[in-house]
Amino acid sequence: MLELIPITDSIGTEVRGIDVTADISDSDFERIYQAWLDSTILLLRGQNMTPAQHVEFTRRFGEIYTYTRSNFSHKELPEILILSNQKEKGKPVGSAYSGRVWHSDGHFLTEPPVGSMLYAREVPPVGGDTWYGNMYAAYDALPEGVKERIADLKVIISRVQSRPYNYPDRPAPTPEERAEWVDVSHPVVHVHEETGRKALMVGGNVPWRIEGMSEEEGLPLITFLQEFAVQPQFTYCHKWQPGDIVLWDNRCAMHRATYYDHFTHSRVMHRTTIAGRRSAAAAV
Ligand code: OGA
Ligand code: MN
């Protein structure tokens with residue numbers, strides 16, 4: 001029988017009594033979907049799904065976004081992105097290092113994905129945890145004066161600027177990448193198109209610029225918001241076990257990967273991504 005159990009007071013729901021490879025009735029699915037909207041992340045433990053079943057389960061939440069240019073897509077199912085420190089015939093099978101600063105996925109796109117579903121296949125005994133933060137809760141807790149000050153602000157997201165924060169091991173962006181990676185701006189306060197609730201979306205650690213503000217004015221404000229957003233009362237650190245699935249709502253949650261000893265231990269995760277549907281909602 002389906003059970004929905006809060007993970008902490010402010011974030012997450014653990015879904016129990018469900019095998020994602022079996023038929024999930026529409027009424028159960030509606031409750032699961034609503035819990036996702038309400039609490040920003042879902043956790044399902046002890047699941048055993050093939051890549052095809054992973055894709056199928058993801059589709060119930062929305063259309064899949066396929067990273068067509070990734071080197072780390074699953075060979076048979078490009079809808080799946082592999083995060084792994086393992087190599088096959090000397091070649092990395094997945095992205096070994098990503099998401100180590102607080103972020104939401106694809107924030108540098110004009111239409112970021114609405115969510116991602118991560119499935120743990122192999123996990124290290126220590127480290128390799130993932131932090132999640134509820135950005136509705138962070139917004140709600142802001143002092144009124146700050147809410148007013150940021151109400152109409154936009155943050156400029158620069159993929160070029162964030163590159164060394166996300167990938168300290170990679171060379172600086174090439175001239176071609178710089179030309180391709182145009183800056184985008186997003187509201188600091190994101191109005192979620194399905195719930196209508198406000199979420200504070202400012203990423204973490206990267207000293208983003210605020211549209212129309214000098215660096216002198218914008219940087220302290222961004223830093224304040226980034227630190228405010230990830231206080232312990234809004235966040236949860238997930239310690240993975242093989243068979244865990246976490247689905248996050250990328251419109252109102254941020255997340256962050258942590259370090260592990262990748263020389264000694266293996267970490268293999270499969271990820272699917274749910275395509276953006278923000279512009280459709282913006283028209284409503
Ligand atoms: C991601 C991501 C975190 C992790 O898949 O988008 O940030 O802990 N992953 O692997
Ligand atoms: Mn991520």
Side-chain angles (χ1 to χ4, degrees), residues 7 11-12 40-45 51 54-55 58 61-62 64-67 69-74 77-86 92-109 111-135 157 159 162-163 165-170 186 190 199 201-206 226 229-230 235-262 265-276:
I7 297 177
I11 179 166
T40 78
I41 69 166
L42 295 181
L43 165 66
L44 297 103
R45 292 214 190 252
H54 183 172
V55 169
T58 310
F61 292 85
I64 294 192
Y65 178 91
T66 303
Y67 287 81
R69 288 162 58 186
S70 173
N71 298 327
F72 303 130
S73 304
H74 190 279
L77 283 167
E79 292 93 338
I80 291 187
L81 202 62
I82 299 177
L83 312 183
S84 170
N85 61 334
Q86 297 303 294
V93 298
S95 167
Y97 191 103
S98 48
R100 305 269 168 108
V101 299
W102 282 100
H103 66 283
S104 59
D105 291 332
H107 210 42
F108 50 82
L109 302 169
E111 186 138 332
V114 308
S116 304
M117 186 187 288
L118 203 55
Y119 176 47
R121 300 183 79 92
E122 286 176 52
V123 299
V126 183
D129 308 331
T130 311
W131 283 88
Y132 293 96
N134 179 340
M135 294 303 110
I157 304 296
R159 197 170 175 180
S162 68
R163 172 65 167 274
Y165 289 88
N166 289 322
Y167 301 104
D169 55 332
R170 294 193 193 170
H186 289 296
H190 177 74
M201 296 302 282
V202 280
N205 306 23
V206 181
Q226 289 172 339
V230 296
T235 59
Y236 160 67
C237 177
H238 186 61
K239 296 191 182 301
W240 294 94
Q241 293 167 11
D244 284 355
I245 298 173
V246 173
L247 169 67
W248 59 93
D249 186 338
N250 202 42
R251 300 160 289 186
C252 53
M254 289 207 299
H255 59 283
R256 180 193 176 174
T258 58
Y259 299 89
Y260 65 98
D261 179 354
H262 61 270
H265 299 297
S266 116
R267 186 178 194 262
V268 182
M269 318 287 279
H270 282 188
R271 194 185 105 183
T272 47
T273 309
I274 305 167

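All ligand and atom numbering here is 1-based and tracks the order in the structure. The model shown is predicted, which means the values in this text are computed figures rather than measured ones.
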- For H107, does its backbone N or O pair with a side-chain atom of H186 as donor and acceptor, under 3.5 Å? yes
What orientation do Y65 and Y67 show, parallel under 30°, tilted 30 to 60°, or perpendicular over 60°? perpendicular
For L83, the atoms of ligand 1 under 4.0 Å from one of its heavy atoms are 5 (O), 9 (N), 10 (O)
Check your understanding: Distance only, no hydrogens: is a donor on one side chain within 3.5 Å (strictly under) of an acceptor on the other, for Y260 and H262?
Key -> no
When E79, H74, H54 are each screened for side chain to side chain donor-acceptor pair (under 3.5 Å) with T272, the one that passes is H54
For D105, the atoms of ligand 1 under 4.0 Å from one of its heavy atoms are 6 (O)
Checking side-chain polar atoms at under 3.5 Å, does H103 have a donor or acceptor matched by the opposite partner on N166?
no
Vertex the Mn ion (ligand 2), ends D105/OD1 and H103/NE2: angle to nearest 10° comes to 100°
Is H255 close to ligand 1, meaning an N/O of one under 3.5 Å from an N/O of the other? yes
Check: Is there a heavy atom in R256 that sits closer than 4.0 Å to ligand 1?
Finding: no
The answer for which part of H103 has a heavy atom under 4.0 Å from ligand 1 is side chain
For S266 and N85 the tightest heavy-atom approach is CA-OD1, 3.5 Å
Going by the 4.0 angstrom heavy-atom rule, the piece of W248 near ligand 1 is side chain
Requested in this report: Over 60° means perpendicular and under 30° means parallel, so classify the ring planes of Y132 and W248, tilted if in between.
Outcome: tilted
Checking heavy atoms under 4.0 Å, the part of T258 that sits near ligand 1 is neither
So the atoms of ligand 1 within less than 4.0 Å of a heavy atom of T130 turn out to be 3 (C), 4 (C), 8 (O)
Quick one: do the T130 and H255 side chains pair a donor with an acceptor below 3.5 Å? no
the protein heavy atom lying closest to atom 10 (O) of ligand 1 turns out to be R267 NH1, 2.9 Å
Check: So, is S98 polar-close to ligand 1, with some N/O to N/O distance under 3.5 Å?
Finding: no
The side-chain contact (heavy atoms from CB on, under 4.5 Å) partner of R271 among L118, V246, I82 is L118
Do M117 and I245 have side chains that approach each other closer than 4.5 Å (heavy atoms only, starting at C-beta)?
yes
Honestly, for H270 the part within reach of ligand 1 (heavy atoms, under 4.0 Å) is neither
The closest protein heavy-atom partner of atom 1 (C) of ligand 1 is R271 NH1, 3.3 Å
Q. Backbone or side chain, does any N or O of W240 fall under 3.5 Å from an N or O of ligand 1?
A. no
The protein heavy atom nearest to atom 3 (C) of ligand 1 is A257 CB, 3.6 Å
Closest to the Mn ion (ligand 2), among the N/O/S atoms of H255, is atom NE2
